[in-house]
**Student:** 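Take this structure first; my questions come after.
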Amino acid sequence: MGEWRRTSECGAPRRGDIGREIVVMGWVDGRRDHGGVVFIDLRDRSGLVQVVFNPEESRDAHDTAGGLRSEYVVAVRGTVRERPPETLNPSLATGEVEIKAEEVRVLNDAQTPPFGIEDDTNVAESTRLKYRYLDLRRPAAQEKLLFRHRLAKSIRDYLDRAGYVEIETPILTRSTPEGARDYLVPSRVNQGSFFALPQSPQLFKQILMVAGMDRYFQIVRCFRDEDLRADRQPEFTQVDIEASFVTPEAIYELIEGLLEVAFALRGIALQRPFPRLTYDEAIARYGIDRPDTRFGLELADVTEALRTAELRVFREAAEKGGLIKALAVPEGGRLSRKDLDTLPDEVSQFGAKGVAWARLTPEGWQSPIAKFLSDEQRRAVEVATGAEQGSVILFLADKAKVVNDSLAHLRLVIGDRLGMIPRDENALLWVTDFPLFEYSEEEKRAVAIHHPFTAPRDEDLELLESAPLKVRSRAYDVVWNGTEIGGGSIRIHRRDIQERVFRQLGIGEEEARAKFGFLLDALSYGAPPHGGIALGLDRLAMLLSGSASLRDVIAFPKTQRAACLMTEAPSEVDPRQLRELGLKIDG
RNA sequence: GGGGUGGUAGUUCAGCUCGGUUAGAACGCCGGCCUGUCACGUCGGAGGUCGCGGGUUCAAAUCCCGUCCACCCCGCCA
């Protein structure tokens with residue numbers, strides 16, 4: 001580019017710039033060669049501008065233009081001029097002007113790209129990920145990264161204004177029991193020992209509270225070696241927050257303000273305060289702890305009403321401590337017999353063996369199970385579900401988890417199919433009072449629902465040893481349109497309570513001291529009451545930018561097998577590296 | 001670990017059910033022509049490991065078995 005200096009971005013020139021001599025640099029988006037005059041669209045991050053090469057105005061530039069191809073990198077010195085009136089292009093921000101090229105320099109040529117650099121691309125994602133640097137040249141892709149930048153910036157500014165301090169915590173840290181599988185990093189200096197990459201900076205932020213930092217935040221990478229989904233990457237970014245001397249209410253207020261700022265970037269105003277729902281209520285009414293409350297279609301528990309029904313699946317579910325729940329779909333005529341027949345396929349993935357249904361017609365119940373229910377039982381179901389003439393009632397009877405998972409899924413499928421979900425609404429809510437523990441069939445013991453540092457509710461403290469599964473926690477999630485976008489809790493700040501919780505989790509005194517000694521020590525040196533929350537920045541960026549996948553808002557994402565198609569990571573390593581680490585590959 | 005969808009030209013796809021000429025289309029690419037286009041136009045051309053391996057068959061893109069990769073879901077992910 002010699003001594004040339006870029007004086008304008010491609011997307012900048014407007015009517016007011018007419019007559020200015022400028023230098024633009026960018027990529028050739030396309031070339032239209034008329035034999036005489038040649039047009040080039042030049043693209044950079046800011047947009048597109050048309051450059052005109054006229055052989056009568058500059059022979060050299062025109063000659064060079066003839067050899068340009070897509071994605072060549074060029075610099076153009078020229079004059080902004082008005083387009084002839086009949087050639088204005090209203091679909092281009094710069095469409096009222098063009099650049100008359102006086103001199104052009106090819107800064108780099110380019111191979112023909114494997115796919116066109118355009119927004120409406122229909123190219124396999126694996127191809128786009130392999131050539132991510134080309135994929136990211138697409139304006140739509142760049143817009144998502146730019147939005148993510150603005151989102152992170154406004155969150156940072158908001159928390160700074162609120163007195164929160166961003167503090168970095170270690171990436172090489174120690175593996176802890178509980179929770180997700182760790183990514184491990186072998187230590188060369190201490191052979192046979194491993195660091196773990198943090199699943200979150202949980203313990204460090206608590207210790208910063210003990211250290212008196214008062215209000216901490218960090219926009220921080222977290223790592224979990226678990227299987228991937230469209231909304232789950234092995235490394236992801238969290239807005240991690242912790243504060244001393246807070247109640248849940250203080251956290252709610254802080255986060256509602258933060259989300260207000262975030263949604264404002266999309267011109268969305270939020271209703272505050274957000275509604276609250278206890279965990280028990282969420283499960284009862286929606287079958288899930290992250291309900292989409294943009295629409296009704298709530299579940300009803302009809303276990304008691306149908307406990308004695310003449311139907312074996314119902315009776316057995318009730319006898320074995322399971323549930324019978326029902327869902328009334330208004331205007332059920334819109335669900336055809338064929339629709340109803342496909343419902344069992346929808347729920348088999350959750351272990352459900354079937355879905356019973358009933359149509360409420362003027363002639364009464366039209367249903368394969370009608371003859372097994374008494375008039376009284378049918379009336380009780382109608383009352384419980386709020387079913388009316390024309391409704392279709394769906395029934396599930398099984399173990400509680402199967403029933404709730406299945407109906408929660410059916411609620412979404414039917415709500416979507418019948419167009420009951422108002423797409424332009426934003427339903428934000430807090431789900432509170434999660435249980436502290438749940439029983440793990442796999443491990444045959446209680447495990448923490450949130451994490452082992454979550455405080456029990458004071459009034460449930462006495463149940464910790466006698467009825468641990470009944471203890472409610474001071475944990476909360478923030479849910480948006482059926483997606484969990486963040487969760488947190490008030491933490492345990494007393495050593496004795498932390499030790500009792502560890503004991504319930506099957507972590508003995510010795511293990512607790514070995515693995516969490518530093519935390520227990522810290523708690524015994526004047527730890528203030530504290531609590532916090534973590535928001536999923538990738539998920540927020542994904543949802544606010546209308547993306548279908550987390551991969552769209554991460555510059556260099558991993559595939560479902562946790563691989564990077566561009567760098568081909570993970571890879572084998574040199575045997576010498578393994579020797580230095582004292583590692584042997586088995587098999 | 002399990003269930004599902006897909007893999008054919010650089011790209012997006014058709015062909016596969018019912019095995020049988022030279023595996024097609026569009027876009028892109030290359031060359032010629034063209035002085036106001038912006039999805040430029042027009043004439044011509046090149047381009048294929050039918051994901052990979054094995055099997056059945058006179059004959060396989062097509063049928064069978066295995067395997068790899070990508071995506072979606074269940075399990076898993078405090």
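By convention in this document, chain letters (A, B, ...) are assigned in the order of the sequence lines, proteins followed by strands, and residues within each chain are numbered from 1.
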**Student:** Taking 4.0 Å as the cut-off, does a side-chain nitrogen or oxygen of Gln199(A) come that near to OP1 or OP2 on rC77(B)?
**Tutor:**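 Negative; the distance criterion is not met.
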**Student:** Using a distance-only criterion (donor-acceptor N/O pair, under 3.5 Å, no hydrogens), is the base of rC38(B) paired with the side chain of Asn89(A)?
**Tutor:**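 Indeed, a donor on one side and an acceptor on the other fall under 3.5 Å apart.
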**Student:** Rounding to an integer number of angstrom, what distance separates rA60(B) and rA23(B) when you compare their P atoms?
**Tutor:**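 Roughly 14 Å separates the two P atoms.
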**Student:** Under the 3.5 Å rule, do the base of rC38(B) and the side chain of Arg83(A) count as making a donor-acceptor pair?
**Tutor:**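 Flag set: donor-acceptor pair detected.
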**Student:** Separation of Glu125(A) atom CD from rU12(B) atom C1', in whole Å?
**Tutor:**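 Rounded to the whole Å, the gap is 16 Å.
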**Student:** Using Watson-Crick or G-U wobble geometry with both distances below 3.5 Å, tell me the partner of rC13(B), or none.
**Tutor:**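 For rC13(B), the partner nucleotide comes out as rG24(B), under the 3.5 Å rule.
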**Student:** Heavy atoms from C-beta onward define the side chain here; which of rG75(B), rC40(B), rA70(B) lies closest to that of Asp227(A)?
**Tutor:**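 Of all the options, the side chain of Asp227(A) is nearest to rG75(B).
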**Student:** I'd like the P distance from rG48(B) over to rG10(B), given in whole Å.
**Tutor:**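 Pairwise P distance, rG10(B) against rG48(B), rounds to 7 Å.
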**Student:** Taking atom P in both rA61(B) and rC77(B), what distance in whole Å separates the two?
**Tutor:**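 Roughly 46 Å separates the two P atoms.
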**Student:** With no angle test and no hydrogens, is the base of rG75(B) tied to the side chain of Arg229(A) by a donor-acceptor pair under 3.5 Å?
**Tutor:**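 Result: at least one qualifying N/O pair found.
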**Student:** Can you check the Glu96(A) CD to rU37(B) C1' distance for me, whole Å?
**Tutor:**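 Nearest whole value for this atom pair: 18 Å.
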**Student:** Would you indicate whether Tyr183(A), at its atom OH, is surrounded by more than 12 heavy atoms from other residues, nucleotides or ligands within a distance under 6.0 Å?
**Tutor:**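 More than 12 within 6.0 Å, yes.
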**Student:** Which nucleotide, rU12(B), rC77(B), rC38(B), lies nearest any side-chain atom of Thr127(A)?
**Tutor:**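 Output: rU12(B).
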**Student:** Sticking with atom P, work out how far rG19(B) lies from rU8(B), rounded to a whole angstrom.
**Tutor:**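 It works out to 23 Å between them.
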**Student:** Does rG28(B) have OP1 or OP2 sitting under 4.0 Å from an N or O in the side chain of Thr112(A)?
**Tutor:**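 Result: no.
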**Student:** Expressed as a whole number of Å, how far does the C1' atom of rU62(B) sit from that of rC18(B)?
**Tutor:**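 10 Å, rounded to whole Å.
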**Student:** Checking Gln218(A) against Tyr216(A): is there a side-chain donor and acceptor pair closer than 3.5 Å?
**Tutor:**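 Yes, side-chain donor-acceptor contact under 3.5 Å.
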**Student:** Using purine N1 to pyrimidine N3 plus N6-O4 or O6-N4 for Watson-Crick, or N1-O2 and O6-N3 for G-U wobble, both under 3.5 Å, which nucleotide pairs with rU57(B)?
**Tutor:**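 Paired with no nucleotide.
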**Student:** For Glu102(A) and Thr79(A), test the side chains for any donor-to-acceptor distance below 3.5 angstrom and give the result as yes or no.
**Tutor:**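 Distance-only check passes for Glu102(A) and Thr79(A).
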**Student:** Could you tell me the Watson-Crick or G-U partner of rG47(B), where both distances fall under 3.5 Å? Say none if there is no partner.
**Tutor:**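 WC or wobble partner does not exist here.
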**Student:** Expressed as a whole number of Å, how far does the P atom of rC27(B) sit from that of rA70(B)?
**Tutor:**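 It comes out at 32 Å once rounded to the nearest Å.
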**Student:** Please determine whether the number of non-hydrogen atoms from other residues, nucleotides or ligands lying under 6.0 Å from atom NZ of Lys444(A) exceeds 12.
**Tutor:**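 Yes, the 6.0 Å shell around NZ holds more than 12 heavy atoms from other groups.
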**Student:** For rA39(B), give its Watson-Crick or G-U wobble partner with both distances under 3.5 Å, or none.
**Tutor:**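 Pairing partner: none.
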**Student:** Base, sugar-phosphate or nothing for Glu178(A)? Non-hydrogen atoms, less than 4.0 Å.
**Tutor:**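 The residue Glu178(A) makes no contact with any strand.
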**Student:** By nearest atom, which of the nucleotides rU37(B), rU35(B), rC72(B) is closest to the Arg551(A) side chain?
**Tutor:**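 Minimum distance to the Arg551(A) side chain belongs to rC72(B).
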**Student:** Looking at Arg128(A) and rG10(B), is any side-chain donor or acceptor paired with a base atom of the opposite kind under 3.5 Å?
**Tutor:**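 In this structure, the two groups form no donor-acceptor pair.
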**Student:** Just to confirm, is there a sub-4.0 Å distance from OP1 or OP2 of rC30(B) to any side-chain nitrogen or oxygen of Arg69(A)?
**Tutor:**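 Yes.
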**Student:** For a quick check under 3.5 Å, do Asp182(A) and Gln199(A) share a side-chain donor-acceptor pair by atom type?
**Tutor:**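 Judged by distance alone, the side chains do pair up.
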**Student:** Could you check which nucleotide pairs with rC71(B) in any of the strands shown, counting Watson-Crick or G-U wobble with both distances under 3.5 Å?
**Tutor:**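 rC71(B) is paired with rG4(B).
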**Student:** Can the ring centroids of Trp430(A) and Tyr252(A) be said to lie less than 6.0 angstrom from one another?
**Tutor:**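 Between Trp430(A) and Tyr252(A), the centre distance is under 6.0 Å.
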**Student:** Expressed as a whole number of angstroms, how long is the span from Gln560(A):CD to rG2(B):C1'?
**Tutor:**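 Distance, rounded to whole Å: 13 Å.
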**Student:** For the side chain of Glu98(A) and the base of rG36(B), is some donor closer than 3.5 Å to an acceptor across the two?
**Tutor:**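 Yes, a donor-acceptor pair under 3.5 Å.
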**Student:** Can Phe115(A) be called stacked on rU11(B) when the rule is centres closer than 5.5 Å and an angle between planes below 30°?
**Tutor:**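 Per 5.5 Å and 30° rule: no stacking.
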**Student:** Taking atom C1' in both rC50(B) and rG15(B), what distance in whole Å separates the two?
**Tutor:**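 Nearest-Å result for rC50(B) against rG15(B) at atom C1': 10 Å.
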**Student:** Could you label the plane-to-plane angle of the Phe516(A) and Phe518(A) rings as parallel, tilted or perpendicular, counting under 30° as parallel and over 60° as perpendicular?
**Tutor:**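 Geometry flag for Phe518(A) against Phe516(A): tilted rings.
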**Student:** Once you round it to whole Å, what is the distance between C1' of rC68(B) and CZ of Arg561(A)?
**Tutor:**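 Answer to the nearest Å: 9 Å.
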**Student:** Atom CG of Leu92(A) and atom P of rG36(B): how far apart are they, to the nearest Å?
**Tutor:**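 Distance, rounded to whole Å: 20 Å.
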**Student:** rG47(B) and rA14(B): how far apart are their P atoms, nearest whole angstrom?
**Tutor:**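 That atom pair is separated by 25 Å.
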**Student:** What's the closest nucleotide to the His34(A) side chain, out of rC40(B), rG75(B), rC72(B)?
**Tutor:**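 For His34(A), the side-chain atoms sit closest to rC40(B).
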**Student:** Ignoring hydrogens and angles, does a donor from either the side chain of Arg232(A) or the base of rC76(B) sit under 3.5 Å from an acceptor on the other?
**Tutor:**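 Such a pair exists between side chain and base.
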**Student:** Whole-Å distance between rU11(B) P and Lys130(A) NZ?
**Tutor:**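 Answer to the nearest Å: 9 Å.
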**Student:** Can you measure Arg59(A) atom CZ to rU35(B) atom P for me and round it to whole angstrom units?
**Tutor:**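 About 12 Å, once rounded to whole Å.
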**Student:** Under a plain distance cut-off of 3.5 Å, with no hydrogens placed, do Ser126(A) and Arg128(A) share a side-chain donor-acceptor pair?
**Tutor:**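 No donor-acceptor contact under 3.5 Å links the two side chains.
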